[in-house]
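One structure is given below, encoded as structure tokens.
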Amino acid sequence: NTASGLMVIRVFRFTKTHRFSFSNSMSGPAAKRQKMSADDVKLADRCINTIRIVSAETVQGAKSGHPGAPMGCAPMAHLLFGETMNYNPTDPKWSGRDRFVLSNGHACALQYTMLHLTGYGVAMSDLKQFRQVGSITPGHPENHVTPGVEVSTGPLGQGISNAVGLAIAETHLATRFNKPDYPIFDNFTYVICGDGCLQEGVSSEACSLAGTLGLGKLIVLYDDNNITIDGSTELSFTEDVMKRYEAYGWHTQKVTDGNTSDVSDLRAAVLAAQKVTDKPSIIAVKTIIGYKAKVQGTGKAHGAPIGDEDIANVKKIFGFNPEEHFHIPSEVSEYYTKKAEANKTKYEAYNAMVAKYKAAFPAEAAELERALAGKLPEGYEKLLPTYTKDSPTMATRKYSQKVLEKLVPAIPELIGGSADLTPSNLTKVDGNSLDYSKTNRDGRYLRFGVREHGMAAVCNGIAAYGGLIPFASTFLTFAGYAQGAIRLSALSHRQVLYIMTHDSIGVGEDGPTHQPIETLAMLRATPNTIVIRPADGNETSGAYKLALENTTAPTIMSFSRQNCVNLEGSSIEGVAKGAYILQEAQGEKAFLQLVLCASGSEVQLAVEAAQLLHKKGINTRVVSFPCFEAYEKQSAAYKAEVFPAGVPVVSIEALTTFGWEKYSHVQIGMTSFGASGPGGKLMKHFGFEADKVVEKCQKVVTFYKGQAPSFVKPEL
């Protein structure tokens, strides 16, 4: 029935030849097993073995890669791509498509083979360029490189966690935009994962959340092959995975033979999972890694080519000509071509429905088009709060709350939450007062629980779905927990807003376990990551503006617990430049003797120190430096204007000095962990007070005598 978006499947009489067994934890109706005819099994066998051989040859050609999982998972891939999923290779970003995530990304030869067979822009020549520089078939899937790849995977556990975000996004957008007879959002999210994915802590965090949220359209096929790199899972992974997932609140099933080309049991399990709407589903599919290779069932099949001789042997076993390489039999090509044609019919029907939707609901359609295009509501920036030096003093996390109070109601696609630190992060406001939950899919506030890593990975999935801008919040020091997923936000070009509070030793009494020292340096060192540490209310507004308008990178916004005065000269526009002159030296510009630069809560300290230095006859400029990355995009002329040649620069930040040597001659910062005590006293204890800053600056001016080397580099 193409009108309803369901795949046409021939119904067969049930027999007892292959018994399909569900675990006791299965809730929801079982799908009747549809026995395949001999001809159907023969065709499926040809397709599945083609997938196995081509995947193994792809790895062999590169002399690098992972052939075992593709050979074991081929029946799953065939069922999903050849029968189950809705997709359109000519429009890979079709909103009505099912989402597929290969969580065990090392098996990407499997995904590339399927993308080739189904008509995506992955040519046979691309398979032959597997893992080569400049190819669209990299060593692990990358969403911005290969058409048809939804998320970047490889670090195990990330993909299945992203899938939780994809499923959240589908339910939220469906509740917001769907109308009777207009299921604009109505897709499943399918995942193939392995033992390694389910061992990683991030997957436990995300899957526990998925169970709590009852994400019924998330279906995971678990490649249960009992092998990791070290060898048998008996070495380190002996738990009953299905019982664990049952405890999470998942619907669980087992398929005891995932190697056979008779995919009747597998099909029945997937159909049963589709019928369970109140729980995510996981299907443990028992497979043999490196199926039919000489090293099958061992760790040797995992991460190295199996060799030309063994590939030839596998071809013989499967009835293929060992002299033919990268061969796609005509009947296999024809099968997947027909699947593409069937999906094209669904695609056209979907587009016709969308056209009718636009006519019936023009306001909703216009809003949806805007969100999917990544365009912000017109004039949103006029809502950003502005401040004068006489405005009330607050912590920058409080200024952040004020921004959210304005923007969340005005930007409906902003959705996110906190890792159980909402009262501290101040991320819940009137516009997102309704929590997203099993019963409230239209809620815009996510209760992530104490799951920082899972939170970040889920937000990557939400961003990948499209039409939403996710935010995630915790204490800055706990960004270390989330760094694996934050790194993938950057690598994947995902717009995720990370709202990080309690950002220095100013945290105070909680002590060094909660005081970030090295964290910002780590984040600043991550490519394609925008890190902003605003000094006051205007800069906080500027941080959000920069984050919202940068659609191809994550943004970390670092906010203080302690109060920060609103500074004369601060501006929203200055943040976009990364560093800007906050206050000019009080003496004549020609006699500028020192530049003090700082970020965040230490900018007010720089201003105070500059005033004292002026009284001592040292003309000092104050530069606010909220964002390294934005500054690096400025011209050499602008940089030379802010930091003139010959004038020494001293930086101040109550975090590690690491990284500041690129922009300053002398750094005032932390070279150790912090300590427990009131924040103000700690700042003085570690030298962050005006008198001590002035003392060091006097020595700097005397040392350089107006001949400090310039930090401005040529534009290459």
Side-chain angles (χ1 to χ4, degrees), residues 504 517-518 520-521 524-525 531 533 535 569 574 577-672 683 686-716:
S504 74
I517 301 298
E518 76 293 345
L520 275 194
R524 285 167 173 159
V531 179
R533 189 168 184 252
K577 295 179 179 179
Y580 66 101
I581 300 172
L582 178 75
Q583 294 179 13
E584 189 54 272
Q586 296 180 33
E588 294 184 33
K589 187 175 181 180
F591 294 100
L592 181 63
Q593 295 168 278
L594 180 70
V595 174
L596 270 177
C597 67
S599 77
S601 52
E602 287 70 69
V603 177
Q604 59 191 347
L605 172 59
V607 170
E608 183 183 355
Q611 293 170 347
L612 295 177
L613 286 164
H614 173 68
K615 293 178 181 179
K616 294 179 179 293
I618 299 176
N619 295 329
T620 304
R621 170 185 292 176
V622 178
V623 170
S624 182
F625 208 144
C627 182
F628 288 8
E629 296 76 25
Y631 174 74
E632 288 297 341
K633 294 181 180 180
Q634 306 309 309
S635 67
Y638 175 80
K639 293 175 181 177
E641 179 183 349
V642 175
F643 297 109
V647 180
V649 180
V650 175
S651 64
I652 313 173
E653 190 174 61
L655 297 137
T656 181
T657 58
F658 185 83
W660 279 101
E661 64 274 5
K662 184 176 181 179
Y663 306 109
S664 60
H665 300 92
V666 174
Q667 300 81 41
I668 298 175
M670 295 294 294
T671 57
S672 68
M683 293 298 250
F686 285 105
F688 296 98
E689 56 180 337
D691 289 342
K692 290 185 178 179
V693 171
V694 167
E695 182 181 340
K696 292 180 180 180
C697 287
Q698 288 177 301
K699 294 179 180 179
V700 170
V701 172
T702 300
F703 179 82
Y704 282 105
K705 299 177 181 178
Q707 297 181 354
S710 173
F711 287 101
V712 179
K713 303 294 191 298
E715 297 178 5
L716 302 177

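Along the sequence shown, residues carry numbers from 1.
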Please report the shortest heavy-atom distance between [X] and [Y], naming the atom on each side.
X: L596; Y: C697; value: CD2-SG, 3.7 Å
X: V531; Y: E629; value: N-OE1, 3.0 Å
X: G569; Y: L582; value: C-CD1, 3.5 Å

How would you list, by chain and number, every residue that makes a side chain to side chain donor-acceptor pair (under 3.5 Å) with K639, sequence neighbours excluded? E632
The criterion is side chain to side chain donor-acceptor pair (under 3.5 Å); which residues satisfy it with S664, sequence neighbours excluded? S651, Q667
Just grab all the ring pair (Phe, Tyr, Trp, His ring centres under 6.0 Å) pairs involving residues 686-706, residues at least two apart or on different chains. H665-Y704
Please report the interatomic distance [atom1]([X]) to [atom2]([Y]), rounded to the nearest 0.5 Å.
X: K633; Y: F628; atom1: NZ; atom2: CZ; value: 15.5 Å
X: Q586; Y: N619; atom1: CD; atom2: CG; value: 8.5 Å
X: Q698; Y: L612; atom1: CD; atom2: CG; value: 10.0 Å

[X] (side chain) donor-acceptor with [Y] (main chain) under 3.5 angstrom:
X: R621; Y: Q593; result: no
X: Q707; Y: K705; result: no
X: T702; Y: V700; result: no

Are [X] and [Y] side-chain neighbours, meaning at least one heavy-atom pair lies under 4.5 Å?
X: P644; Y: L592; answer: yes
X: Y580; Y: F625; answer: no
X: F643; Y: S710; answer: no
X: L594; Y: L613; answer: yes

Inspect the surroundings of CZ in F658 and state if more than 12 heavy atoms from other residues, nucleotides or ligands are less than 6.0 Å away. no
For residues 599-609, run the donor-acceptor check on the side chains, cut-off 3.5 Å, and write out each pair with its distance to 0.1 Å, sequence neighbours left out.
unit_1	atom_1	unit_2	atom_2	d
S599	OG	R533	NH1	3.1
S599	OG	E653	OE2	2.5
S601	OG	R533	NH2	3.3
S601	OG	Q562	NE2	3.2
E602	OE1	R533	NH1	2.6
E602	OE1	R533	NH2	3.0
E602	OE1	A654	N	2.9
Q604	OE1	V565	N	3.0
Q604	NE2	N563	O	3.3
Q604	NE2	S601	O	3.3

Just to verify, what does K699 make a side chain to side chain contact (heavy atoms under 4.5 Å, CB included) with, not counting sequence neighbours? E695
In chain order, what residues pass the salt bridge (charged side-chain N to carboxylate O under 4.0 Å, His left out) check against K692, with sequence neighbours excluded? E689
